[in-house]
2 protein chains.
Amino acid sequence: MNTSEFRRRGKEMVDYVANYMEGIEGRQVYPDVEPGYLRPLIPDSAPQEPDTFEDIINDIEKIIMPGVTHWHSPYFFAYFPTASSYPAMLADMLCGAIGCIGFSWAASPACTELETVMMDWLGKMLELPKAFLTEKAGEGGGVIQGSASEATLVALLAARTKVIHRLQAASPELTQAAIMEKLVAYSSDQVVATLGTTTCCSFDNLLEVGPICNKEDMWLHVDAAYAGSAFICPEFRHLLNGVEFADSFNFNPHKWLLVNFDCSAMWVKKRSDLTGAFRLDPTYLKHSHQDSGLITDYRHWQIPLGRRFRSLKMWFVFRMYGVKGLQAYIRKHVQLSHEFESLVLQDPRFEICAKVTLGLVCFRLKGSNKVNEALLQRINSARKIHLVPCHLRDKFVLRFAICSRTVESAHVQRAWEHIKELAADVLRAEKE
Amino acid sequence: MNTSEFRRRGKEMVDYVANYMEGIEGRQVYPDVEPGYLRPLIPDSAPQEPDTFEDIINDIEKIIMPGVTHWHSPYFFAYFPTASSYPAMLADMLCGAIGCIGFSWAASPACTELETVMMDWLGKMLELPKAFLTEKAGEGGGVIQGSASEATLVALLAARTKVIHRLQAASPELTQAAIMEKLVAYSSDQVVATLGTTTCCSFDNLLEVGPICNKEDMWLHVDAAYAGSAFICPEFRHLLNGVEFADSFNFNPHKWLLVNFDCSAMWVKKRSDLTGAFRLDPTYLKHSHQDSGLITDYRHWQIPLGRRFRSLKMWFVFRMYGVKGLQAYIRKHVQLSHEFESLVLQDPRFEICAKVTLGLVCFRLKGSNKVNEALLQRINSARKIHLVPCHLRDKFVLRFAICSRTVESAHVQRAWEHIKELAADVLRAEKE
C-alpha cells in the first residue's frame with residue numbers, strides 16, 4: 001500500500017470507525033457466537049499473494065463484528081470501563097506514525113520528555129503530594145506502564161531490591177539468598193493496598209496502614225486502578241488521603257479517564273528506587289547525555305525494553321477535554337450509578353450490597369444465590385445488556401458498572417426496566 | 001469532540017500522517033534538542049477549559065517534532081528496525097475503535113479467536129513444528145505478548161512452576177521454598193538461547209543445546225526477537241533448526257515483519273504449562289464456556305490482565321502483503337546489508353567485525369577504539385544518518401542496521417559516502 005492509497009483507505013477507515021461509534025447502540029452488546037466460530041470462516045494459512053483492502057474491510061463485518069463484545073455500547077455494564085475517546089484515537093494515529101521506541105531519552109527525546117511532563121500534569125490534577133512529581137529537581141516522578149499488574153510488579157521488585165541493599169549495607173555477611181528467604185510482602189485479599197476494588201469498589205484506609213508502613217520502613221504501594229480517575233474531582237479527592245505515606249502509587253487512565261488502553265500511570269517518590277532495580281546499560285543503548293543527571297531513560301523504570309509514545313494520548317485528551325470536561329465526565333458516571341442505585345432501592349425485591357461511591361452498583365435479589373445466578377443468566381442470555389457477577393461474603397452479587405462514554409440516563413432506565421422484567425420471570429419460575 | 005468533528009479531524013490526521021511519511025526523508029533523522037527542551041514550551045499544568053484541535057496540531061510541529069528521533073527515516077540505521085506499515089496503522093485505528101479488553105474469551109470472542117488463528121498462520125509461515133500450533137486439537141499454541149522481555153519472563157515463570165510441581169509430586173515432603181533454593185536457570189551472555197543477538201546478530205546452536213535440555217528435562221526457551229521474521233524465507237529457515245527441542249519460542253513481528261509495535265509472538269508446546277502458572281479466576285471473569293475445554297482465556301498466558309485486539313494488525317499485514325510480499329521485504333533488507341558490507345570491504349581502512357547474516361553490519365575502522373568512538377561521535381553529531389555502537393570482544397564497533405521500510409540502495413550508498421568523508425576527517429585529525 002503506497003501513501004496515496006493510505007490517504008484514501010485511512011479516510012475510509014475514519015468513516016468506518018465513526019459509523020461504528022454512531023451505530024453501536026443498535027448492535028447486540030454481547031455476541032451469540034459459539035467457541036471456535038471464527039476458524040472455519042477464514043483460510044488455514046496466510047495468502048501467498050496479497051488480498052485487497054476491500055476484501056478485508058468486508059470481512060470485518062462478516063467475520064470480526066459477529067464475535068465482538070461491544071465494550072463501548074451504552075448497554076455494556078460489565079467489568080469496569082475501558083477508556084475510549086476521539087482525541088485519544090487521533091493521538092494513537094500519530095503515535096503509530098511516529099512509531100518510535102522510547103527506551104532511552106536519545107531514542108526520541110520528545111517521547112520521554114512529554115511523558116514526564118504529562119505525568120506531572122496528571123499528578124497535579126489528582127493533587128498528589130509534590131514528592132511524587134518530577135517538576136524541576138524533585139526526586140520523584142511518573143511513568144506510564146502498560147497495566148496495573150506491571151506497575152505492581154515493578155513496585156514489588158523495586159521494594160525487594162531496596163530492602164536487600166539496606167540489609168546488605170547493615171550486615172555485609174548476609175547473602176542475597178539468605179535475605180530473600182526472610183522477606184515478606186503483606187497484602188490485603190486484593191494484593192496490595194487498594195482504592196476501589198474490582199469486586200465492589202471498596203477502599204483500604206491509607207491513614208491507618210500508611211503510618212505503620214512508614215514506621216516499620218516498609219514499602220507501601222497503593223493501587224487505585226479504576227477509582228484513581230475520580231480523584232481529579234475535589235469531592236472525591238479525600239479517598240486518596242494517606243497517599244502521602246506511600247512509596248509508589250498507580251491508577252489507570254485507560255479505565256476511566258478517556259485515554260484509550262494502554263496507559264497505566266505510576267508515580268514513585270524516589271526515582272532512584274526504580275532505576276536501582278532495573279538498570280540495563282548495554283553499549284548500543286548508551287548515549288552522551290545519560291550520566292548527566294538531566295535526563296530520564298524510561299527503560300530503567302519498567303520490565304519491557306520497548307515502549308510506545310503513549311503520552312501523546314494524555315496530551316490530546318487533557319487538552320481537548322480540559323480538566324473541567326474530564327471532571328464533568330466522571331461526575332456524570334457517578335450520578336448515573338446513583339440513579340441506578342435509587343431505582344434498585346425503590347424495588348423491595350432487591351437489595352444494594354455495597355456502598356455506592358463511584359460508578360459501580362453491587363445489587364441482588366433478596367434471596368438465594370441460585371435465584372441471582374438465574375437472573376444473571378437470563379440477563380446475559382437476552383443479550384440486551386451485559387453484566388458480570390461477583391461474590392461478596394459468599395453472596396452471589398450482580399455488578400452494574402457505568403462504562404460507556406455515551407451512556408445516558410435513558411439507557412440506565414431501560415436497563416433497569418429490562419432487569420425487573422427478567423427478575424419477575426425468574427421469581428415466577430422459582431414459584432412454579 | 002463529537003462524531004462529526006472526528007470524521008473531519010480523523011481525515012486531517014490521516015493526511016498529516018501521510019505527509020509525515022512522504023516527507024520523512026527531508027527531516028533531520030536525529031534531533032538536536034538538549035535535555036529538558038520540552039518543559040518550557042508547554043504550560044505547567046493541564047488547561048481547565050478545552051484547547052482546540054488546531055492548537056494541538058500546530059503544537060505537534062512546534063513542540064513534538066523537533067524532539068523526535070525519526071525511526072522510519074531511510075537514514076535511520078540505529079538499534080534494530082521497529083515495524084511500520086500502512087496496513088498495520090489502519091488495523092490499529094480499528095483496534096482503538098473496538099477498544100475491547102481481551103482477557104477472556106467472553107470479553108470479546110473475536111479478539112481471542114483471531115489471535116489464536118493468526119498465531120497459527122504465522123507459525124506455519126515459519127514452518128514451526130506442528131507441536132507449537134493450536135490448529136484443531138493440539139496441546140500447543142501461540143499468544144501475542146507486549147515484548148520479548150515479557151515472553152521470556154512468562155517462559156521463566158512457567159518453567160519454574162512446572163519443575164516445582166514435578167518435584168513436589170516426586171517428593172511431597174519438599175516445600176516450595178526448599179525447591180526454589182535449588183533451582184538454576186542457565187543462560188548465555190544474552191540471557192536465554194538466542195537466534196540473532198542485538199549486539200551482532202549471532203546465533204546459538206540449538207542442535208547442540210536442545211538435545212541436552214531435553215535429556216535433562218530442562219525447559220528450553222528460544223528468543224529470536226529480531227531474526228525470527230527472516231525465517232519466513234526458506235533460505236533463512238535453517239537458522240531455526242533445533243526449535244523442535246524447545247518448550248517455548250518467541251520473536252517480534254513488531255521489529256521486522258511490518259506489524260507496528262507492540263506484537264511479540266510467543267508459542268509453547270504445552271498450553272497447560274502457561275495456564276498452570278498464571279491461572280486467575282475471580283468471579284467477575286468467569287463465563288459459561290470456560291471449563292468446556294473449547295476456549296482460550298489469554299489472561300492465563302501473560303502477566304497483565306488487559307490486552308488489546310492486536311491480532312487485527314497481523315491479519316491486515318499478512319493479507320495485504322501476502323507471504324510473498326513479506327518475503328520480498330525481508331530479502332530487500334538483507335540485500336541492502338550485503339551491499340553495505342561490500343562497500344566496507346572495498347575500503348582497506350575498514351573491517352567487518354561479525355558475519356553478516358541478516359540486516360545488520362558490524363564494522364569499524366582498523367585501529368583503536370578511540371578513533372572509532374570519534375568516528376561515531378562525528379556521525380551522530382552531523383545528524384545526517386543515525387547509528388549506535390556495540391562492543392565485540394573489547395572492540396568498539398559501529399552497527400549499521402537496515403531499518404526503514406522505505407530504505408533503498410541510494411540511501412545506503414549516500415550513507416556510506418558520508419561515513420567515508422567523516423572517517424577521512426577523523427583520520428586526518430588523528431595524524432595532526
Side-chain angles (χ1 to χ4, degrees), chain A residues 1 3 6-7 10-11 13-14 17-18 20-22 33 35 38-39 45-51 56 64 67-69 71 82 84 86 89-90 92-93 96-97 99-101 108-110 113 117 121 124 147 149 260 283-284 289 294-295 303-304 306 318-320 322-324 388-391, chain B residues 1 3 6-7 10-11 13-14 17-18 20 22 33 35 38-39 45-51 56 64 67-69 71 82 84 86 89-90 92-93 96-97 99-101 108-110 113 117 121 124 147 149 260 283-284 289 294-295 303-304 306 318-320 322-325 388-391:
Chain A
M1 180 178 279
T3 305
F6 172 73
R7 285 183 199 273
K11 289 164 192 175
M13 186 58 87
V14 167
V17 167
Y20 172 70
M21 289 301 184
E22 256 174 2
V33 295
L38 185 138
R39 191 179 285 272
S45 52
Q48 290 295 310
E49 304 289 343
D51 289 344
I56 296 173
I64 303 300
V68 169
T69 303
W71 282 62
T82 182
S84 174
Y86 291 130
M89 288 185 218
L90 294 171
D92 253 349
M93 289 164 67
C100 63
I101 302 297
S108 219
E113 297 206 7
V117 179
W121 276 23
K124 287 178 190 174
S147 67
S149 321
N260 286 37
T283 308
Y284 50 84
H289 288 295
L294 293 170
I295 58 96
I303 298 192
F318 298 165
R319 293 184 69 181
M320 295 196 67
V323 175
K324 287 185 181 172
V388 294
C390 66
H391 275 95
Chain B
M1 180 178 279
T3 305
F6 172 72
R7 284 183 200 272
K11 290 165 193 176
M13 187 58 87
V14 166
V17 167
Y20 172 69
E22 255 174 3
V33 297
L38 186 138
R39 191 180 286 272
S45 52
Q48 290 294 309
E49 305 288 342
D51 289 343
I56 296 173
I64 303 300
V68 169
T69 303
W71 283 61
T82 183
S84 173
Y86 291 130
M89 287 186 218
L90 293 170
D92 253 350
M93 288 164 68
C100 63
I101 302 296
S108 219
E113 297 205 8
V117 178
W121 277 22
K124 288 178 191 174
S147 66
S149 323
N260 285 40
T283 308
Y284 50 85
H289 288 293
L294 293 171
I295 57 97
I303 298 191
F318 298 165
R319 293 184 68 182
M320 295 195 69
V323 175
K324 287 186 183 173
V388 293
C390 67
H391 273 96

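What you see is a predicted model; the values in this text were computed from it and never measured. Chain A is the first sequence line, chain B the second, and so forth, proteins listed ahead of strands; every chain is numbered from 1.
- Residue contact with chain A, scored on non-hydrogen atoms closer than 4.5 Å, involves the side chain of B:Asn260 exclusively.
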*Could you go through the side-chain contact (heavy atoms from CB on, under 4.5 Å) check for B:Asp92 and A:Asp92 one step at a time?*
CA-CA 8 Å; B:Asp92 253 350; A:Asp92 253 349; over 6 Å; no
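- Salt bridge present: B:Glu22 and A:Arg7 bring a charged side-chain N and a carboxylate O closer than 4.0 Å.
- Chain B forms the most heavy-atom pairs under 4.5 Å with one residue out of A:Glu113, A:Lys11, A:His391, A:Arg319, and that residue is A:Arg319.
- Taking B:Val68, B:Val14, B:Val117 one by one and counting their heavy-atom pairs under 4.5 Å with chain A, the maximum is reached by B:Val14.
- For chain A, the nearby part of B:Thr82 is the side chain; its heavy atoms alone come within less than 4.5 Å.
- Atom CE of A:Met320 sits about 9.0 Å away from atom CG of B:Asp51, to the nearest 0.5 Å.
- The candidate with the highest count of non-hydrogen atom pairs below 4.5 Å against chain A, out of B:Pro47, B:Ser147, B:Ser149, B:Pro304, is B:Pro47.
- The candidate from A:Ser84, A:Ala46, A:Gly306 with the greatest count of non-hydrogen atom pairs under 4.5 Å with chain B is A:Ala46.
- Between chain A and the options B:Ile303, B:Val388, B:Val17, B:Ile64, the largest number of non-hydrogen pairs under 4.5 Å is found for B:Ile64.
- Among the candidates B:Pro109, B:Gly96, B:Gly10, the residue making the largest number of heavy-atom pairs closer than 4.5 Å to chain A is B:Pro109.
- Applying the ring-ring contact (aromatic ring centres under 6.0 Å, His included) criterion to B:Tyr86, with sequence neighbours excluded, gives A:Phe6.
- Taken from SG in A:Cys100 to CH2 in B:Trp71, the straight-line distance is 8.0 Å, to the nearest 0.5 Å.
- Atom CH2 of A:Trp121 is separated from atom OG of B:Ser45 by 7.5 Å, given to the nearest 0.5 angstrom.
- Interface remark: A:Thr283 contributes backbone and side-chain atoms alike to the contact with chain B (heavy atom separation under 4.5 Å).
- When the candidates B:Met13, B:Met1, B:Gln48 are compared by the number of heavy-atom contacts under 4.5 Å with chain A, B:Gln48 comes out ahead.
- Heavy-atom distances place the side chain of A:Tyr20, and not its backbone, under 4.5 Å from chain B.
- For a residue to count as touching a neighbouring chain, one of its non-hydrogen atoms must lie under 4.5 Å from one of that chain's; by this rule B:Met89 touches chain A with the side chain only.
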*Step by step, would you call B:Glu49 with A:Lys324 a salt bridge (charged side-chain N to carboxylate O under 4.0 Å, His left out)?*
CA-CA 6 Å; B:Glu49 305 288 342; A:Lys324 287 185 181 172; 2.9 Å; yes
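- Side-chain atoms of A:Ser108 come within 3.5 Å of backbone N or O of B:Thr69 as a donor-acceptor pair.
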